[in-house]
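Here the structure is laid out as structure tokens; the discussion comes afterwards.
Every chain is numbered from 1 and lettered A, B, ... according to where its sequence line falls, protein lines coming before strand lines. No experiment lies behind these values; they were computed from the predicted model shown.
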Protein chains: 2
Amino acid sequence: MTQQPRNGRAPSVKDVAAAAGVSLGTVSNVLNRPGVVSATTRERVERAMAELGFVRNESARQLRAGTSRALAYVMLDGGNPFFQDVAEGIEIAADAADLSLFVCNSGGRAERESKHLDRLVQQRVQGILITPVDPDAPHLADIARRGIPFVMVDRLSDAGGHCSVAVDDVLGGRIAVEHLIDRGHERVAFVGGPESIGQVRERYQGAREVWEEFGKPAGDLIHLPTEALTVSEGRSAGERLAGLPSRRRPTAAFCANDLLALGLLQHAVTAGLRVPDDLAIVGFDDIDFAAAAAVPLTSVRQPRQELGRTAARLVLDEATNPDHVHEQATFVPALVARASTGTVRR
Amino acid sequence: MTQQPRNGRAPSVKDVAAAAGVSLGTVSNVLNRPGVVSATTRERVERAMAELGFVRNESARQLRAGTSRALAYVMLDGGNPFFQDVAEGIEIAADAADLSLFVCNSGGRAERESKHLDRLVQQRVQGILITPVDPDAPHLADIARRGIPFVMVDRLSDAGGHCSVAVDDVLGGRIAVEHLIDRGHERVAFVGGPESIGQVRERYQGAREVWEEFGKPAGDLIHLPTEALTVSEGRSAGERLAGLPSRRRPTAAFCANDLLALGLLQHAVTAGLRVPDDLAIVGFDDIDFAAAAAVPLTSVRQPRQELGRTAARLVLDEATNPDHVHEQATFVPALVARASTGTVRR
DNA sequence: CACCACGAATGAAACATTTCAACCACGTCT
DNA sequence: AGACGTGGTTGAAATGTTTCATTCGTGGTG
């Protein structure tokens, strides 16, 4: 790629056409329908493009086409590896469809989410994937109303006005607590919050359901609320837990996600509690760091990449298939038992 | 935002102009220079925009402007929280400048990196930040040659044809190993690889330098090579380490990054080695998970967000300031001592 | 030889926005 | 009264690409 000194402006098809001594339409044909142009001129045009260092101007294409060649994913928490893995799954699918992927991060704040969405609508992205702060927020409805292909990720939509992919969180909660009951635990903590987060509510609900079905007293499933789903909140929940007198202290904790679980685990070890003997711990998501913890963490596995791939598939279908019907894809979570819950008690 | 049923095409300035009974230039003025238009017409136009649900078409703006309102960061490993934090720093700065940020992930593969770059050039992004797979790859030089503002992140550029921000990795290696020497260790492993990664080479070099300066025998600084900087590679290095007869086994390990260190830590614990008594561990990057490990990890801290913010500042300067001069920003790493290196030995 | 068919190349229109010179009332100053 | 500003608005041009109807030229056919 030889290149003349930059004279300010990037070369356009027009420049290429002039250099190759053909019309501008022909250059476009070389680019988009190489079949219809004769071998000799095609070659000449290609040489001209190489010499000038020509690169298609994507904005102009978009303007003409009316839509961009990009998808977007607005994630809830960039610091949580779970969402990174979901994003990776989406990217794989986007790549296969030769689309770019905008990855945005709302960080759990509604106004940032809204700002991102505004930008994405302006960019005329082909479709939007989102794990929303609040699935009922009006700015989400706006997107759907605009007719932009739209998929909710890791959150089921009740309304059904759009596609969604998610894991059955209630079931996930059931699996986790059933595992603990199996292990002989009679007093269990649920660590998680805030309740405004749907995932938290549902995992807790599953926990309560199975607890009750096994005939355990409701008072022995203790809710330890947190302000967020982060490592440091997990640590602070650990402090509260370790502070309880040992006869009232739960022998096991089910955490709403792995970050909490890792924080809890860390504090427990610091405070001299043995895991799993004094305190068994179950997390949720099965992020890579869960297995890598010094006491490897039992966790409820979600098919993270697959969640992303499926979501991308759905949004692409909505974008391209005229008789697309909205679909709620549900995945089944699975328990991955590791050292943090040990073996049967007593 | 009332909205007429979607008739296929999103409303344009022209539609707004018609609805408000003004010329299209006036609508543009309302958008871009609200001051010059009278209050009454402005109001009328704004109402029309709201009624039609008008949203600026970013591609058309870009086409006209010649450049997009976006930056891009191509990161080396999306699975490493370190780069996520750098990206967050960049995003903060981009946000402040009211620019979008494309976050791409090369995953360490040169051809993916190249593909991303192609796309970004097509998009006419205002600037590109990148932590490259190979800083000498020809496709990077192409970018710079094109005159696109360009900053290398976490890698110093020797050539000086562009800006770069990085931490002094040699110094980081020195700090880590000096800390271990302070703690009384006489046999230390350097865990890291492949050597094609500049960061690995330099951290190792720093380690060797200080080891030699303290007059330790070169043979007692043992290189444990890895194939990548991941948790699972750390684990496998741990296997090799734990397999050594205890009289030849190093009493401390300096890992080229925290992911390796966490993997190593995990295996060490599994294999029954006490940390730090049997094996002290130092990581690099000080990612959040380092502090959250069950044996909190001593690590060499890089100012991760600041790295990103500075990089963004430089790329914006190159994009907007006509007498920009390339700058190599270097940060000083700092040791964060935690439990994994304990106190003085013996 | 005239006509047609056909492959190849062309030129103009369209996409949505921004900018800028021109224009128009209307009031003010001389 | 005429000139001059001035605040507000307009219309056209320009950005780079794609598409599509048109044209051109050539070789074959009747």
Check whether any side-chain N or O of Ser59(B) sits under 4.0 Å from OP1 or OP2 of dC15(C), and answer yes or no. no
Please check the phosphate of dT10(D) (OP1 and OP2 only) for any side-chain N or O of Ser23(B) closer than 4.0 Å. yes
At what distance, to the nearest 0.5 angstrom, does SG of Cys163(A) lie from CG of Leu156(A)? 11.5 Å
May I ask you to decide whether Asp95(B) forms a salt bridge with Arg112(A), counting only side-chain N to carboxylate O separations under 4.0 Å? no
Could you give the CD-to-C1' distance, from Gln122(B) to dT17(D), as a whole number of Å? 12 Å
I need the CG-C1' distance between Asp15(A) and dT15(D), as an integer number of Å. 13 Å
Phosphate oxygens OP1/OP2 of dA16(C): is one of them under 4.0 Å from a side-chain N or O of Arg9(B)? yes
Taking the side chain of Leu24(A) as heavy atoms from C-beta outward, which of dT17(D), dG16(D), dA9(C) is closest to it? dT17(D)
Give a yes/no on whether any side-chain N or O of Thr26(A) is located under 4.0 angstrom from OP1 or OP2 of dA8(C). no
In whole angstrom, give the distance that lies between atom CD of Gln123(B) and atom P of dT15(D). 21 Å
What is the distance, rounded to the nearest whole Å, between atom CG of Asn29(A) and atom P of dT19(D)? 9 Å
Distance test, side-chain N/O of Ser38(A) to OP1/OP2 of dA9(C), below 4.0 Å: yes
Under 4.0 Å from OP1 or OP2 of dG8(D): is there any side-chain N or O of Arg33(B) that close? no
